[in-house]
Amino acid sequence: MIPLEEAIRILESQVKTLPGEERVPLAQARGRVLAREVVSGIANPPFDRSPLDGYALRAEDVAGASRETPVRLSVIAEVCAGGWFSGTVKPGQAVRIMTGGAIPRGCDCVVRQEDTDYGEKTVEIYRPVSSHQNYCFAGEDIQKGAVLMAAGEKLTPVHLGVLAGQGLTEVPVRPAVRVAIISTGDEIVPTGTPLTPGKIYNSSLWMFQARLEELGAIVTLSRSVGDDPQAVAAAIREGYRDAQVVITTGGVSVGKKDILHEVLPLLGARRLFWRVMMKPGTPILCAVVEGKPLCCLSGNPFAAIATFELILRPMLAKLSGDGTMAYRRTTGRMAEDFPKKSPGRRFIRARYRDGLVTLGNQNHSSGALYSMVNCNCLVDIEAGNKGLAAGDIVKVVLL
């Protein structure tokens with residue numbers, strides 16, 4: 001067995017950040033990583049505009065206006081959002097304007113309609129305003145030529161809104177990591193089919209596909225295969241046709257049906273390591289097939305997701321060039337006891353909030369998945385620990 005940190009280092013050493021870039025439509029860009037910086041081609045807003053409903057006018061025309069001594073102006077036009085008045089407003093004139101409307105030439109402020117009589121041909125103004133009051137300048141949000149986003153930024157819905165506001169329909173992004181997932185085992189059956197004695201539904205495929213997509217990867221293949229070394233090898237070869245990484249679950253321990261050890265020679269694979277000093281997920285097996293990583297995880301759901309989070313994510317982060325794909329570490333204070341001894345290094349599921357670590361459902365079996373619902377971290381317990389008590393400071397891996 002090798003230490004966890006050594007397993008991470010070995011796996012990371014087998015990959016380089018994917019080169020090049022691709023252009024994708026905005027509708028497909030959420031979660032992707034920018035390949036290069038984006039510079040604004042237009043100012044936003046592209047014209048001076050009103051932030052409210054009212055009247056655009058000259059501030060000097062309404063100096064001293066009040067309800068007792070209103071100022072009356074001629075209303076020469078109306079501008080709604082999307083409209084445009086091409087003339088110039090002269091002294092004694094005003095333009096009725098709605099929120100988002102372009103402020104006409106000659107005007108330097110907007111009086112809100114609540115401070116008027118809502119007039120249509122003439123309007124009475126009951127309050128003075130200063131120059132550029134209630135006035136949004138062109139470029140107030142974004143100046144033309146400004147660097148909007150740097151290379152390496154991960155695109156969120158807000159990023160996409162900014163890009164759409166620039167009139168862009170597509171964006172240059174780094175290639176996404178493409179991953180194939182294969183579950184092995186005669187005991188697993190697809191969801192939606194009758195569950196016969198001795199069988200279980202396949203939860204791992206759904207869990208890993210959703211998690212990989214959540215992290216920004218593209219899942220190119222997701223399928224189950226029985227405990228047949230030739231069939232598993234064929235499925236892995238199929239996975240590599242369109243993926244940089246293949247992940248399997250099941251068949252990596254020392255039982256009669258732990259067939260991945262037989263599969264590696266069929267693929268001409270170079271084994272990197274088998275077994276890591278951690279619980280759960282000790283029997284993780286990693287290899288290289290024609291220069292591409294093959295990561296074989298436990299068939300137990302929690303063991304599989306724990307080793308994915310702790311060992312595979314750093315490798316995927318390097319491959320994608322997406323730093324957000326890696327996890328973060330911190331410390332927290334235990335809110336409750338975990339009295340069980342840990343002869344070897346152990347990770348238990350928990351929830352971290354405001355520095356406090358709670359365990360909730362304390363079923364920490366490697367085959368239990370439900371107790372990971374609402375889990376957002378793993379507590380890293382060192383080998384030889386005699387048990388944790390409420391108030392203890394612990395190491396935490398944030399997922």
Side-chain angles (χ1 to χ4, degrees), residues 16-59 77-89 95-110 112 130-178 213-218 316-326:
K16 295 180 179 179
T17 301
L18 295 172
E21 67 177 60
E22 58 188 27
R23 300 191 69 86
V24 298
L26 285 188
Q28 300 171 18
R30 181 179 62 84
R32 299 295 296 270
V33 177
L34 274 177
R36 46 195 166 89
E37 70 178 20
V38 176
V39 176
S40 64
I42 60 172
N44 188 35
F47 47 81
D48 296 348
R49 65 180 179 180
S50 174
L52 46 77
D53 299 331
Y55 295 82
L57 44 81
R58 293 152 41 95
E78 180 177 281
V79 176
C80 295
W84 186 266
F85 177 65
S86 58
T88 299
V89 176
V95 169
R96 184 76 184 271
I97 195 165
M98 304 302 165
T99 302
I103 296 177
R105 286 191 301 272
C107 299
D108 64 355
C109 63
V110 175
R112 61 177 191 157
S130 58
S131 181
H132 297 131
Q133 186 174 340
N134 303 326
Y135 195 108
C136 293
F137 289 93
E140 190 172 78
D141 185 20
I142 298 171
Q143 292 286 331
K144 183 178 180 180
V147 176
L148 296 178
M149 300 162 199
E153 287 195 55
K154 192 164 188 173
L155 297 174
T156 67
V158 174
H159 285 99
L160 301 187
V162 171
L163 294 169
Q166 289 287 302
L168 300 177
T169 59
E170 57 182 21
V171 62
V173 295
R174 290 177 179 168
V177 176
R178 305 172 75 85
E213 290 174 348
E214 182 179 46
L215 291 171
I218 294 175
L316 294 173
K318 180 179 178 181
L319 190 57
S320 66
D322 176 9
T324 67
M325 198 178 278

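Taking each heavy atom of G100 and F47 in turn, the nearest pair found is O-CE1, 3.8 Å. The shortest non-hydrogen separation linking S130 to A59 is C-CB, 3.8 Å. In this structure, P104 and I97 approach most closely via the heavy-atom pair CD-CD1, 4.4 Å. Taking each heavy atom of V79 and W84 in turn, the nearest pair found is CG1-N, 4.3 Å. Across all their heavy atoms, N134 and P51 have their closest contact at O-CD, 3.1 Å. In terms of heavy-atom proximity, P172 sits nearest to L34 at O-CD2, 3.4 Å.
The main-chain N or O of K154 is never found under 3.5 Å from a side-chain atom of D322 such that the two would form a donor-acceptor pair. Within the 3.5 Å criterion, the main-chain N or O of A146 finds a donor-acceptor partner in the side chain of S40. R174 places no side-chain N or O within 3.5 Å of a backbone atom of R32 that could act as its donor or acceptor partner. Although no hydrogens or angles enter the test, the distance criterion places a donor-acceptor pair under 3.5 Å between the side chain of E153 and the main chain of A150.
Scanning for side chain to side chain contact (heavy atoms under 4.5 Å, CB included) contacts around I42 gives Q166, with sequence neighbours left out. D53 is linked by a side chain to side chain contact (heavy atoms under 4.5 Å, CB included) to M98, T99, Q113, counting only residues two or more places apart in sequence or in another chain.
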Could you walk me through whether L57 and V89 pass the side-chain contact (heavy atoms from CB on, under 4.5 Å) test, one step at a time? CA-CA 7 Å; L57 44 81; V89 176; 5.7 Å; no
Walk me through whether L168 and V38 qualify under side-chain contact (heavy atoms from CB on, under 4.5 Å). CA-CA 10 Å; L168 300 177; V38 176; 4.3 Å; yes
Using the rule given for side-chain contact (heavy atoms from CB on, under 4.5 Å), can you reason through L319 versus M325, listing the C-alpha separation, both sets of side-chain angles and the distance that settles it, and then say yes or no? CA-CA 10 Å; L319 190 57; M325 198 178 278; over 6 Å; no
Could you walk me through whether M149 and V171 satisfy the side-chain contact (heavy atoms from CB on, under 4.5 Å) test, starting with their C-alpha distance in whole Å, then the side-chain angles of each, then the deciding distance to 0.1 Å, before giving a yes or no? CA-CA 11 Å; M149 300 162 199; V171 62; over 6 Å; no
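Between N44 atom CG and I142 atom CD1 the span is 5.0 Å, to the nearest 0.5 Å. Atom CG of L163 sits about 7.0 Å away from atom CG of L148, to the nearest 0.5 Å. Taking CZ of R96 as the start and SG of C80 as the end, the distance is 8.5 Å to the nearest 0.5 Å.
In R23, the CZ atom is crowded: over 12 heavy atoms of neighbouring residues, nucleotides or ligands sit closer than 6.0 Å.
For the ring-ring contact (aromatic ring centres under 6.0 Å, His included) condition, the pairs that include at least one residue of residues 137-174, sequence neighbours left out, are H132-F137, Y135-F137.
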